[in-house]
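Since the structure comes first, as structure tokens, the remarks are kept for the end.
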Amino acid sequence: MAAAAESSSYRIGEVAERVGVTPRTIRYYEELGLLVPIGDRRKGAHRLYDAQSIARLQQLFKLRDLLGLSLETIVTVAEAEEASAAVRDTLASDASEDERLRMLDQAHPLLLRQIELVRQGQRTLARFSQELRTLLRSIEEARAGLTGSRGSP
């Protein structure tokens with residue numbers, strides 16, 4: 001049983017290699033509260049992560065790299081995700097109506113902020129797409145000018 005638990009845990013260097021970053025980056029994400037090692041880590045013991053931690057890191061890097069989100073924004077998105085999960089858990093539990101209302105009231109502004117971040121990302125991507133289309137048109141026009149001039153004596 002212990003061997004099965006150990007085989008599903010990974011040291012920080014293994015996680016860094018799998019995700020394609022340095023161990024320092026992973027420690028920084030921990031400092032920001034974006035990633036938590038599994039289990040209790042005694043002083044001097046290795047940080048251990050599970051497959052879920054690796055998947056979370058990959059998701060965070062997608063947000064950073066594909067959408068160009070800052071780490072501050074990623075922290076906000078992560079907080080909203082955690083609030084959403086807490087709301088789902090609370091609504092599925094035997095919590096009182098007051099507790100459910102409190103959770104919904106807490107999640108509402110976080111989700112509004114997340115929607116605004118998505119909209120900002122969409123606007124940024126739309127501007128980038130327009131810049132690329134403009135560059136492509138310039139290249140096509142320059143190419144057409146060069147290939148058109150070949151046919152002339």
Side-chain angles (χ1 to χ4, degrees), residues 4-143:
E6 283 187 30
S7 68
S8 63
S9 62
Y10 307 90
R11 289 184 178 182
I12 193 169
E14 295 169 316
V15 174
E17 188 175 323
R18 283 175 170 247
V19 178
V21 297
T22 65
R24 176 66 192 121
T25 299
I26 293 172
R27 285 190 293 274
Y28 183 60
Y29 274 56
E30 280 182 34
E31 291 170 21
L32 293 173
L34 294 169
L35 185 67
V36 179
I38 59 173
D40 294 327
R41 188 171 79 92
R42 296 180 317 274
K43 187 173 182 161
H46 291 284
R47 288 173 166 87
L48 295 176
Y49 304 89
D50 56 12
Q52 189 175 8
S53 299
I54 294 172
R56 179 172 173 81
L57 268 177
Q58 290 169 329
Q59 176 86 13
L60 293 171
F61 291 127
K62 281 181 191 174
L63 289 170
R64 184 194 70 187
D65 298 339
L66 296 177
L67 299 179
L69 298 180
S70 68
L71 287 178
E72 178 184 339
T73 301
I74 291 171
V75 168
T76 302
V77 169
E79 288 171 351
E81 285 298 318
E82 289 170 11
S84 296
V87 166
R88 284 190 299 272
D89 292 346
T90 301
L91 293 176
S93 73
D94 293 336
S96 69
E97 283 188 22
D98 288 342
E99 179 66 14
R100 289 176 184 203
L101 185 58
R102 187 182 66 76
M103 290 301 297
L104 292 169
D105 287 345
Q106 286 178 347
H108 188 265
L110 292 171
L111 292 171
L112 287 174
R113 176 69 177 132
Q114 196 172 31
I115 289 167
E116 179 54 31
L117 292 171
V118 168
R119 287 182 179 149
Q120 287 175 7
Q122 288 172 326
R123 289 190 294 270
T124 300
L125 288 172
R127 282 191 303 272
F128 184 54
S129 178
Q130 182 58 45
E131 290 171 12
L132 291 174
R133 285 193 299 270
T134 300
L135 179 59
L136 181 60
R137 274 194 303 278
S138 297
I139 289 171
E140 289 170 346
E141 289 169 4
R143 191 172 191 290

Problem set entry | Donor-acceptor pair, side chain of Ser129 and main chain of Leu125, under 3.5 angstrom | no
I'd like a table of donor-acceptor pairs (distance under 3.5 Å, sequence neighbours excluded) in which one partner is a side-chain atom from residues 54-69, with atom names and distances.
| residue | atom | partner | partner atom | Å |
| --- | --- | --- | --- | --- |
| Arg56 | NE | Leu34 | O | 2.6 |
| Arg56 | NH2 | Leu34 | O | 3.3 |

For this session: Working to the nearest 0.5 Å, report the span between OH of Tyr10 and CG of Asp50.
Result: 8.5 Å
Exercise. More than 12 non-hydrogen atoms from neighbouring residues, nucleotides or ligands closer than 6.0 Å to CD on Glu97, yes or no?
Worked result: no
For this session: Could you list all the salt bridge (charged side-chain N to carboxylate O under 4.0 Å, His left out) pairs where at least one residue sits in residues 132-141, not counting sequence neighbours?
Result: none
Problem set entry | Counterpart residues, side-chain hydrogen bond (donor to acceptor under 3.5 Å, both in side chains), relative to Glu99 (two or more places apart) | Arg102
For this session: Please indicate whether Gln130 has more than 12 foreign heavy atoms, meaning atoms of other residues, nucleotides or ligands, lying under 6.0 Å from its CD.
Result: yes
Exercise. Between Thr25 and Thr22, is any side-chain donor less than 3.5 angstrom from a side-chain acceptor?
Worked result: yes
Exercise. Which salt bridge (charged side-chain N to carboxylate O under 4.0 Å, His left out) pairs, counting each pair once, include a residue from residues 8-23, with sequence neighbours left out?
Worked result: none
Exercise. Under the side-chain hydrogen bond (donor to acceptor under 3.5 Å, both in side chains) test, which residues partner Asp89, sequence neighbours left out?
Worked result: none
Exercise. Which distance, rounded to the nearest 0.5 Å, do you find between the CD of Glu30 and the CZ of Arg24?
Worked result: 10.0 Å
Exercise. So do the side chains of Leu136 and Leu132 get within less than 4.5 Å of each other, counting heavy atoms only?
Worked result: no
Problem set entry | Within-4.5 Å side-chain heavy-atom neighbours: Ile38 and Ser9 | yes
Exercise. Would you call Tyr49 and Leu35 a side-chain contact if the rule is heavy atoms closer than 4.5 Å?
Worked result: yes
Problem set entry | side-chain hydrogen bond (donor to acceptor under 3.5 Å, both in side chains) against Arg119, all qualifying residues, sequence neighbours excluded | none
Exercise. Roughly how far, to the nearest 0.5 Å, is CZ of Arg113 from OG1 of Thr73?
Worked result: 6.0 Å
For this session: Can you measure from CD (Gln106) to CG (Leu101) and round to the nearest 0.5 angstrom?
Result: 10.5 Å
For this session: Provide the closest heavy-atom pair for Pro37 versus Arg47 in the form atom of the first, atom of the second, distance.
Result: CG-CG, 4.4 Å
Exercise. If you take all heavy atoms of Pro23 and Gly13, which pair is closest and at what distance?
Worked result: CG-CA, 4.5 Å
Problem set entry | CG on Leu71 to OG1 on Thr76, rounded to 0.5 Å | 11.0 Å
